[in-house]
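Starting from 1, each residue takes its place in the sequence as its number. Both counts, for ligands and for their atoms, begin at 1 and track the order of listing. The figures here come from the full heavy-atom set of this structure, side chains too, leaving out hydrogens, waters and symmetry mates.
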Amino acid sequence: MWESKNIETNTIHGGKKSQGEHGPLSTPIYQTSTFVFDDVQQGADRFAGDAQGHIYSRLGNPTVDELEARMAVLEETEAAAAFGSGMGAVSAAIFALLKAGDHLITSHRLYGCTFALFNHQLPALGIQVSFVDLADEQAVRAAIKPNTKVIYGETPINPCLTVIDLDSIAAIGREQGITTVMDNTFMSPILQRPATHGIDLVLHSATKYLNGHGDVVAGILCGSSELINHIKMTTRKDMGAVMSPHDAWLVIRGLKTLHLRVQRHSENAQVVAEYLQGHGAIEKVYYPGLPEHPGHRLLGRQMRGAGGVMAFEVKGSFEQAVAFINQLKMCKRAVSLGDAETLIQHPASMTHSTYEPEELAEAGISRTLIRLAVGLENAEDIMADLDQGLASIGG
Ligand SMILES: *Cc1c(COP(=O)(O)O)cnc(C)c1O
């Protein structure tokens, strides 16, 4: 295995293993469910962990292993584990770290399904959950109880792009013996590496920037070998949200252009955010690349760029917000982010429809809030489409 000090090189070469006698440039897809043992003893040794080698693809697969090795290099952790979806990674992490009677501190703003898991499934299993503003260090400290085992956050957070200070959360975790987990989906390791700030477990929906082409649903966890092995041998093995070798191959292919794509997403988003902020039909733009955004102060310190996702409110009614979205010609009406195509969605109707009306208000999600995941098109074309949409509602 080979590793550079430069992440651009590591997205291409980092963690790549030699793959047998033919020396293929592209990682082979080991499309196999099981692996053959030479004899009973070899099988016994592999089960006992005394010998290297594969057993069965839910426990490990060479193509998936390579993606994991590559992600560990990019996130600067000892190890990584791949999953069949981002939510598979969230649930495997949470159920490996928490049991009945334990307490979780998390953010009052979260990815919609993560919120549903924490707000509905965990309490039903006897796990206590506190939703607090993780950007407010005093609020986090005040929420700590003797049985607090995990602090879980995302930064920037869906959908208003609130930024959490990673150093502060990691310091609280270390000082109190609480495991910290951070969803890094919006930034990718190109723009932010939470483990380098002391976060214990870094999570990705690999469906988004890592794969980048809108053709895979997948998840990743990165952390210490001890924690990752524990998750692989408990909740991943026994709950079974594994990644297929073919999907692992697609994500590996996506990683090779990650640095180029993320840079372009960020550049485009900055131009589009400035355009929207200057537009008379727009009430407010939420994007950490704008100096007015509260998260802007952490640009440079923990984030190397503001990323490709923003949110904005149109002036006017819910119906006008909906009419604007329906009027768009090039931007695609779709949830997800990190794809080549610019994607636009309405959180109150879509990603955050798992929230009750009062929970939406509490999370600051208005009915005119729109999320834009800026794509890789020419920024002029993205702005022209938004412009004709805004003109159609009188903007
Ligand atoms: C999409 C997403 C998830 C869930 O990932 P899936 O791959 O859809 O299961 C979790 N967190 C964030 C921030 C996401 O954007």
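When atom types are taken as modelled, the side chain of Q302 and the backbone of L298 share no donor-acceptor pair closer than 3.5 angstrom. In this structure a side-chain-to-backbone donor-acceptor pair under 3.5 Å is missing from E154 to L110. Counting only distance, with no hydrogens or angles, the side chain of T106 and the backbone of Y152 share a donor-acceptor pair below 3.5 Å. In this structure a side-chain-to-backbone donor-acceptor pair under 3.5 Å is missing from R264 to G375.
No part of S336 comes within 4.0 Å of ligand 1, judged by heavy-atom distances.
In terms of protein heavy-atom proximity, atom 6 (P) of ligand 1 is closest to G86 N, 3.3 Å. Protein heavy atom in closest approach to atom 7 (O) of ligand 1: T207 OG1, 2.7 Å. Of the protein's heavy atoms, K208 NZ, 2.5 Å lies nearest to atom 2 (C) of ligand 1. In this structure, atom 11 (N) of ligand 1 lies nearest to the protein heavy atom D183 OD2, 2.6 Å.
Applying the 4.0 Å criterion to heavy atoms of S85 picks out, from ligand 1, the atoms 7 (O), 9 (O). For ligand 1, the atoms lying closer than 4.0 Å to a non-hydrogen atom of A218 are 7 (O).
When the shell of 6.0 Å around CZ of F318 is examined, it contains more than 12 heavy atoms from other residues, nucleotides or ligands.
Side-chain contact of D385 with Q388: a donor-acceptor pair under 3.5 Å is present, judged by distance alone. A donor-acceptor contact closer than 3.5 angstrom is absent between the side chains of N10 and S4.
Residue-to-ligand polar distances place S205 within reach of ligand 1: an N/O pair is separated by less than 3.5 Å.
The residue from F186, Y111, F83 that puts a heavy atom closest to atom 3 (C) of ligand 1 is Y111.
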